[in-house]
Amino acid sequence: MTLTEACHTRMSSSIAPHEPLVAAPAAATQRMNIVIVGHVDHGKSTVIGRLLADTHSLPEGKLEQIRAQCELNSKPFEYAFLLDALKDEQAQGITIDAARVFFKSDLRHYLILDAPGHIEFLKNMITGAARAEAALLVIDAAEGVQENSRRHGYMVSLLGIKQLAVVVNKMDLVGWDRGVYDGIVREYGAFLEQVGIRPACFIPVSARGGDNIADRAAHLAWYQGPTVLNALDQFHSEPPPIALPFRMPVQDVYKFTKQGDDRRIIAGTIDSGAVSVGDTLIFYPSGKKSRLKSIEAFNRPVDGRAEAGWAVGFTLQEQIYITRGEVATVESEARPQVTTRLRVSLFWLGKEPMVKRKEYLLKLGTARVTARIEEVLRVMDASTLDATEQRNSVQRHDVAECVLRLDRAIACDVAADIAVTSRFVIVDDYEIRGGGIVREAMPDRQTAVRDSVMLRNYKWEPSIIQPEHRAEKYNQKAALILITGEHESDRKGVAKALEGKLFDDGKVVYFLGIGNVLYGVDADIERKQENRLEHMRRLAEVANLMLDAGIILVVAAAELTQDDLEVIKTAVQPDWIETVWAGDNITTDIACDLQLPGGAVPEAVDRLKAHLQDKGVIFRPW
Amino acid sequence: MAETMDHLDQLENRSVHILREAYANFKNLGMLWSIGKDSTVLLWLARKAFFGHVPIPLIHIDTSFKIPEMIEYRDRLALEWNLTMIYGQNREALEEKRTFPDGGVDRIACCKALKTDALKHTLSGEWPRYRLNHTKKTYELDRNTEAFTGVIVGARADEEGSRSKERYFSPRNAQSRWDVGDQPPEFWNQFKTEFAPGTHLRIHPLLDWTELNIWEYIRRESIPTVSLYYDQGTGKRYRSLGCYPCTHAVDSAATGVDDIILELRSGKFANIAERSGRAQDKADGGGLETLRRDGYM
Ligand SMILES: Nc1nc2c(ncn2[C@@H]2O[C@H](COP(=O)(O)OP(=O)(O)OP(=O)(O)O)[C@@H](O)[C@H]2O)c(=O)[nH]1
Ligand SMILES: [Mg+2]
């Protein structure tokens, strides 16, 4: 059986034309998001415009208003103008940005996103497609499969949309010829198979004439499958992924004490799974643990359980310090990935190519980290699926497989396990320029240290005193100030002077020379390069204890490298660390928050103090 | 929260997520409250998002041509719900009578002066803002003149063409202008939360709601609304609230929320656009796009 035949049999056996699948209007409380995609000018907006007109979904007088306007400007009437509302769109006869359109069938409500087909507006197409559950892809029968028919098909698959119906439009232009239709079914069907999509059907239509949109076409008697309207109703609503492990990226921790509310509420939207009161939660990447005490809500009855899709809030039994960017999980379920190296598939939309050695911002869930390309494994032209190996950059509209290296570890999942928590975007110069999914979490140098830190956090016995209470009492934020520099530099002089100055200001501050750790805590390990990682780990663990006590800790150590810093950041909350280089020349690869030129110590201390004020570690008296 | 989500649950939870994203990412965040049904639903959603509290100041642009009942209702809820309430207006235009009701200018110019300009300069802090003192129950000059960098607005995509193309997080340049031809992408649950100095963002948590959804939600949650929306025995009511010289009441005998929902579902307004009662939309052939590019809500 050919694909066309398969398509026909499946469809003709399912329903008779014009008969809605389910008659019950009770189901109309469901809404489905659909995106309509395809090459420029193939008739997407016309399909939707016609669908609205033929199902009487337009506001009264709307059609007449557009007809009158077209006449006034002596332009031919276009159904597309119902959606292409912008002046530039009507002037140029193209869609620039995706319009949201509301319409309802007998079965359910729809939000249809009418995406633009022009390559220039690919970012707008993806914006529309990323919120859809199913897609209609339009192909002009006369022009056949074009570059963006394929590119959009591929994007749809990358965005995780599994349901797709192909609309073969403008059949009037090819004399309603079945052969043309069959050719497109064969060619495009083969392409979709390559990108892993099984289309629900291929529908021959003439959008302009309204054939097979809401009403059956007389010219297309050879086709018994669904109309566009039927095809929409045959898509099924995908329920939220409740059966998967529980994942909730922490959006915020609220405490509205001033309003007389003492609840400390962890807020977020549940991406997958479910959670119940009494469950033991583990937050990643920190590995911290607590039990779920209560689920909180305003003007809504609360029960003891919450599921995927809900924006919730809950309180914890044991008060642990967590912040936005952590992911809440349930202890008894599969753990998420935690790493600084990710193998990803990404699409790039920036006018400037994405290049190596440049810093980008990666946002995944509620985490936000600096990211760099470590390696470009493969670049693919999304419209031909032709792959190029060995490239150093990703050009606009390319899809690439890369290894990304992150500034600090995040928690995520791989796309094959949990799609929602595998999705990320890349920001450059304030704009989202790309997006993608995580294919694999790769090991990094800190893996072993991270595991021990997560176990430590898991086993951690929390104090009844909250970090913010300590901060309030001491009038400072706990911080690790790492002062490094060349061996000859006066980092110790600066560090000790800073300690003295802050102490005089009434701060709780402590100076720790690296030697104080090396010959004490580290007495059992040799001072060899191969033990450097363990030395750093122990230094960081000592620092972590002091920071937990609310102290500002000033550490002086010679020639710290980025690698050293990575280890320290694994064990100490990264935003609590300030790195300072003392001296004119930075001789290692470390990224510093502040550089102090060599010379007078008092000046260096003043600059350091101002820096700490800027960072909010200590407060600036006004 | 384990029952299957219906469409109102889906809309509510998405909007709550967006509000929390806005709150987490913007230090100077404000929310426009026009007193109408949409922004009141928005205010209610903020109480959902923040568990009964509204940690975001509410900004009202007072054109002075609002129906008096709206102002009473605003101040009553502000006190009752413990809201940080701020208002601003174009005092110069009002004093010089450069308004449509005073016969000074046409509708579009009036909207620009009393709404767009007033909004722009109230947000930037250049013009005076007045803040409600909850103890004295009066408005006082607000000493805080910092610019708002994020502004939450209750626009809906189904209102008109240019709104149907909006983003949830929509950037505005230093002049409050909207570059509708080149909007930033927005994928999944990721929005534009980074912005260059001098620019700000409009945040639209209600984009996916229709007028019907708004009323269904008002009914479900029993959200208090102004009585102008209901027929009080005259056979007329307001479907959309604006300034009285430019917003006309519609013929309707709907006396409550249930009646309104019926009208919208299958009754007389099922196929009639909401803003058909707003005169300024018709003044410019291209609809509201021109006004909105320039900073109109
Ligand atoms: N002959 C014929 N022309 C059609 C048909 N459907 C659409 N068209 C014409 O094709 C042109 C493009 O239609 P649009 O609906 O604007 O195409 P689009 O895919 O939305 O274009 P973009 O959004 O800009 O990518 C218009 O002039 C339509 O009138 C059809 O069934 N038959
Ligand atoms: Mg179009």
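Every chain is numbered from 1 and lettered A, B, ... according to where its sequence line falls, protein lines coming before strand lines. Below, all heavy atoms of this structure are taken into account, side chains as well, without hydrogens, waters or symmetry copies.
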Region of [X] that comes under 4.5 Å of a non-hydrogen atom in chain A:
{"X": "Phe51(B)", "value": "both"}
{"X": "Glu186(B)", "value": "both"}
{"X": "Thr193(B)", "value": "both"}
{"X": "Phe50(B)", "value": "both"}
{"X": "Asn25(B)", "value": "side chain"}
{"X": "Leu11(B)", "value": "side chain"}

Side-chain donor-acceptor pair under 3.5 Å between Arg423(A) and Asn189(B), yes or no?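 No, Asn189(B) and Arg423(A) have no side-chain donor paired with an acceptor closer than 3.5 Å.
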Please tell me whether Gln259(A) and Asn82(B) have a donor and an acceptor in their side chains that are separated by less than 3.5 angstrom.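 Result is no, nothing qualifies.
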With the threshold set at 4.0 Å, does a side-chain nitrogen-carboxylate oxygen contact exist between [X] and [Y]?
{"X": "Arg300(A)", "Y": "Glu12(B)", "result": "yes"}
{"X": "Arg167(B)", "Y": "Asp97(A)", "result": "yes"}
{"X": "Glu166(B)", "Y": "Arg100(A)", "result": "no"}

Go through the steps for Trp44(B) and Phe298(A) under the test ring pair (Phe, Tyr, Trp, His ring centres under 6.0 Å), then give the verdict. CA-CA 10 Å; Trp44(B) 188 264; Phe298(A) 169 77; 5.4 Å; yes
Once the angle between the rings of Tyr254(A) and Tyr23(B) is folded into 0 to 90°, is it parallel (under 30°), tilted (30 to 60°) or perpendicular (over 60°)?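 Tyr254(A) and Tyr23(B): tilted rings.
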Would you check if the side chain of [X] reaches a backbone N or O of [Y] as a donor-acceptor pair within less than 3.5 Å?
{"X": "Lys192(B)", "Y": "Tyr430(A)", "answer": "yes"}
{"X": "Asn13(B)", "Y": "Ala311(A)", "answer": "yes"}
{"X": "Thr269(A)", "Y": "His17(B)", "answer": "no"}
{"X": "Gln190(B)", "Y": "Gly365(A)", "answer": "yes"}

So which of Pro171(B), Pro55(B), Ala196(B), Ala157(B) has the biggest tally of heavy-atom pairs under 4.5 Å with chain A?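 Maximum pair count with chain A is reached by Ala196(B).
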Establish, yes or no, whether the cationic atom of Arg47(B) lies under 6.0 Å from the six-membered ring centre of Phe256(A) and within 45° of the ring axis.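 No.
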